[in-house]
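This report refers to the structure that appears directly beneath it.
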Amino acid sequence: MRVFLAISLTLSAGFAQAETDPAQLFAKSCSRCHKNAEALVTQMDWAPDTETAETRANWFDVFIARHHSPKAGDRATLAAWLSGLAGKDEP
């Protein structure tokens, strides 16, 4: 019984970790239509260089909610990750 519990907890921890990996979330939620996250954010000309990471993350969060709404926690993780990709060229 203890072995079963230990295996179950280990597997569920692995699944929980996979759910918080933004690249895996993108693959699961977005990759059917958007094959590459970096190419996707590169094509977006809405974000001037002066935008902050927080402003970009908020924009992505609202956009994702309207465009394709995964659960709020996953959406926030994706928004923060995409914001970071969009701001790669910042100092």
Side-chain angles (χ1 to χ4, degrees):
M1 180 67 167
R2 288 182 186 186
V3 171
F4 175 75
L5 181 61
I7 291 171
S8 296
L9 290 174
T10 302
L11 287 175
S12 66
F15 289 130
Q17 183 176 359
E19 289 291 317
T20 59
D21 176 28
Q24 288 183 3
L25 282 174
F26 183 87
K28 181 176 95 175
S29 300
C30 312
S31 68
R32 181 172 178 216
C33 299
H34 308 288
K35 301 298 180 202
N36 183 311
E38 290 83 0
L40 175 68
V41 297
T42 300
Q43 295 172 359
M44 299 177 128
D45 59 358
W46 59 266
D49 294 336
T50 59
E51 294 275 353
T52 66
E54 183 179 353
T55 303
R56 283 191 308 274
N58 289 336
W59 185 92
F60 273 113
D61 190 58
V62 170
F63 177 79
I64 293 168
R66 290 182 189 152
H67 178 67
H68 171 76
S69 188
K71 57 187 176 180
D74 288 351
R75 192 175 68 237
T77 299
L78 281 170
W81 182 62
L82 292 171
S83 170
L85 293 177
K88 271 187 168 179
D89 298 330
E90 287 184 357

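FYI, the numbering just counts along the sequence from 1.
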request  = Can you measure from NZ (K28) to CD (Q24) and round to the nearest 0.5 angstrom?
outcome  = 9.5 Å

ask   = Closest heavy-atom contact between I64 and A79?
value = CD1-N, 4.1 Å

ask   = What pair of heavy atoms forms the shortest contact from T77 to P22, and how long is it?
value = CG2-CB, 4.0 Å

query = So which heavy atom on S83 is nearest to which on A53, and how close?
reply = OG-O, 2.8 Å

key: Listed partners of A37 passing side chain to side chain contact (heavy atoms under 4.5 Å, CB included), at least two apart   = F26, W81, L82, L85

request  = Identify, with sequence neighbours excluded, every residue that meets ring-ring contact (aromatic ring centres under 6.0 Å, His included) alongside H68.
outcome  = none

inquiry  = I need the minimum non-hydrogen distance between L78 and S29, along with the two atoms involved.
reply    = CD1-CB, 4.4 Å

task = Measure the spacing between OG1 of T20 and CG of L25 and express it to the nearest 0.5 Å.
result = 7.5 Å

message = To the closest 0.5 Å, what do you measure between NE2 (H34) and CD (Q43)?
response = 9.5 Å

